[in-house]
Amino acid sequence: MSRPATTTDTRRRTTDTRHRTAAACLLVGALLIPALAACSGSGDKDSAGSASASAGSSESAAAKANLTVLAAASLTDVFKAAGAAYEKAHPGTKVTFSFAGSQELAAQVKQGAPADVLVTADTKTMDGLKGDTNDPKVIAKNRLVIATGKGNPFKIDDLKDLADTKIKVVLAAPEVPVGRYSRQILDAQKIDVKPVSQEPNVRAVLSKVELGEADAGLVYKTDAETAKDKVVAVDIPDDQNAVASYPAASLKGSKNPAAADAFVTWLAGPEGQKYLQEAGFQKP
């Protein structure tokens, strides 16, 4: 026969039940902590992944763009080759060039022509556009030569020969960088040359000589190199010559500012310099 439960027994059972409940709660808590930590870690990873994806998307947007580059006429050949290389190294980017005399390019910028990068054949023209460009970088230098017809029929040896009125000399217009450099070196040597025409850019001067419409003209060394099968380049001594600097800058009105800056940086870097120097341009 069982004995009736006492007050002490009841208290003991109540205490045991509380202990078992507390232990169960501790166990559940122990099991939940790793799960919560895992959830928290997953959230951090998802957040980091989202940030990484966002950064990657931003970089991709900067890399992929349609760039319009306004460039001095003397850069025509080298920039076509360099532009193709840039597009290959930056999939999704298209580079379109517009070549002209630096003064023409400056006028286009001032008129608000849609473009991303400007490269001129002199610092003076670039300096006149400070309100429209970001900080420029000089990417190359150049010097002048006398371009004569094939075989140099007039046996032109130096600048003084250009003063002979029997020789038809063509120069670039005074507002064109190469035209300004030409008059600078002629004036320094006190040589009076009366050109038969004044052209809007250096390629127009070269073309006149190539076609036989002029006997000689002052052009950049790199331009004469592009037509060495049609013209003869007569070197001008350094102490009688002028050095042309080529600054490049992204335009403040560019719709692709990151991509424009990246292209200018590339031109000033090892890859861009390789193309420029192989074409005969001097180091900046």
Side-chain angles (χ1 to χ4, degrees), residues 71-78 99-108 119-128 140-247 279-282:
S74 50
L75 294 164
T76 300
D77 296 85
V78 65
F99 299 104
S102 296
Q103 81 289 349
E104 293 180 43
L105 301 177
Q108 291 177 35
V119 189
T120 62
D122 66 334
T123 56
K124 181 177 180 179
T125 300
M126 185 67 79
D127 288 345
K141 292 187 177 182
N142 214 341
R143 290 180 180 274
L144 275 63
V145 296
I146 303 170
T148 71
K150 192 173 182 179
N152 192 4
F154 286 88
K155 307 302 178 186
I156 296 172
D157 293 321
D158 55 39
L159 289 171
K160 292 179 181 179
D161 293 333
L162 301 180
D164 188 337
T165 55
K166 295 178 183 178
I167 299 175
K168 292 187 291 184
V169 178
V170 61
L171 300 175
E175 61 271 18
V176 184
V178 71
R180 189 164 59 252
Y181 294 136
S182 296
R183 285 161 182 78
Q184 176 184 321
I185 64 176
L186 290 170
D187 290 346
Q189 299 301 312
K190 296 180 171 54
I191 299 171
D192 184 22
V193 174
K194 294 180 172 55
V196 294
S197 70
Q198 300 184 82
E199 303 300 319
N201 60 66
V202 69
R203 285 305 172 95
V205 174
L206 183 66
S207 179
K208 290 279 187 179
V209 179
E210 285 182 284
L211 295 172
E213 296 176 10
D215 302 316
L218 289 174
V219 302
Y220 296 118
K221 184 175 183 178
T222 53
D223 289 287
E225 184 65 20
T226 67
K228 58 185 178 182
D229 57 332
K230 297 179 180 179
V231 303
V232 172
V234 178
D235 288 332
I236 301 171
D238 286 350
D239 61 353
Q240 297 178 18
N241 216 324
V243 178
S245 294
Y246 289 72
F281 288 87
Q282 299 172 6

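Fair warning: this is a prediction, and the values are worked out from it, not measured in the lab. Numbers here simply count residues along the sequence, with the first being 1. All values below come from the heavy atoms of this structure, side chains included, with hydrogens, waters and symmetry mates left out.
A donor-acceptor pair under 3.5 Å is absent between the side-chain atoms of T125 and the main chain of D122, judged by distance alone. Between the side chain of N241 and the backbone N or O of L144 there is at least one donor-acceptor pair closer than 3.5 Å. Looking only at distances, no side-chain donor or acceptor of Q282 sits under 3.5 Å from a matching main-chain atom of A244. In this structure a side-chain-to-backbone donor-acceptor pair under 3.5 Å is missing from N201 to A100. Of the possible donor and acceptor atoms, one in the side chain of S182 sits under 3.5 Å from a partner among the backbone N and O of V178.
Judged purely by distance below 3.5 Å, without hydrogens or angles, the side chains of S102 and E104 never pair a donor atom with an acceptor atom. In the model, Y246 has no side-chain atom that pairs as donor or acceptor with a side-chain atom of T123 under 3.5 Å.
A salt bridge does not link D223 to K221: none of the charged side-chain nitrogens sits closer than 4.0 Å to a carboxylate oxygen.
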(request) Take I185 and I236 through the test side-chain contact (heavy atoms from CB on, under 4.5 Å) and record every step on the way to the result. (result) CA-CA 10 Å; I185 64 176; I236 301 171; 4.0 Å; yes

(request) Could you please spell out the steps behind the side-chain contact (heavy atoms from CB on, under 4.5 Å) verdict for D238 and V243? (result) CA-CA 9 Å; D238 286 350; V243 178; over 6 Å; no

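Distance check, rounded to the nearest 0.5 Å: CD of E210 to NZ of K230 gives 5.0 Å. In this structure, CD in E199 is found 9.5 Å from CG in L171, a value given to the nearest 0.5 Å. Put simply, CG on D187 and CG on D192 are 9.0 Å apart, with the number rounded to the nearest 0.5 Å. Once rounded to the nearest 0.5 Å, the distance linking CG of D239 with CD of Q189 reads 7.0 Å. Expressed to the nearest 0.5 Å, how far CE of M126 lies from CG of L105 amounts to 9.5 Å. Rounding to the nearest 0.5 Å gives a distance of 9.0 Å between CZ of R180 and CD of Q103.
Minimum heavy-atom separation, A279 to T222: O-CG2, 3.5 Å. For V209 against G149, the heavy-atom pair with the smallest separation is CG1-N, 3.8 Å. V219 and A147 make their closest contact through CG2-CB, 3.9 Å (heavy atoms, listed as atom of the first residue, atom of the second, distance). Nearest heavy atom pair, residue A216 against residue I167, reads CB-CG2, 4.4 Å. Nearest heavy atoms, G212 versus K168: O-NZ, 4.4 Å. In terms of heavy-atom proximity, K155 sits nearest to D161 at O-OD2, 4.0 Å.
Counting only heavy atoms from C-beta outward, the side chains of R203 and T76 approach each other to under 4.5 Å. Using a 4.5 Å cut-off on side-chain heavy atoms (C-beta onward), Y220 and F281 make no contact. Contact annotation: the side chain of V205 never approaches that of L218 to less than 4.5 Å [non-hydrogen atoms, C-beta and beyond].
Tested against L162 for a side-chain contact (heavy atoms from CB on, under 4.5 Å), the candidates V193, D215, V234 yield a single pass: V193.
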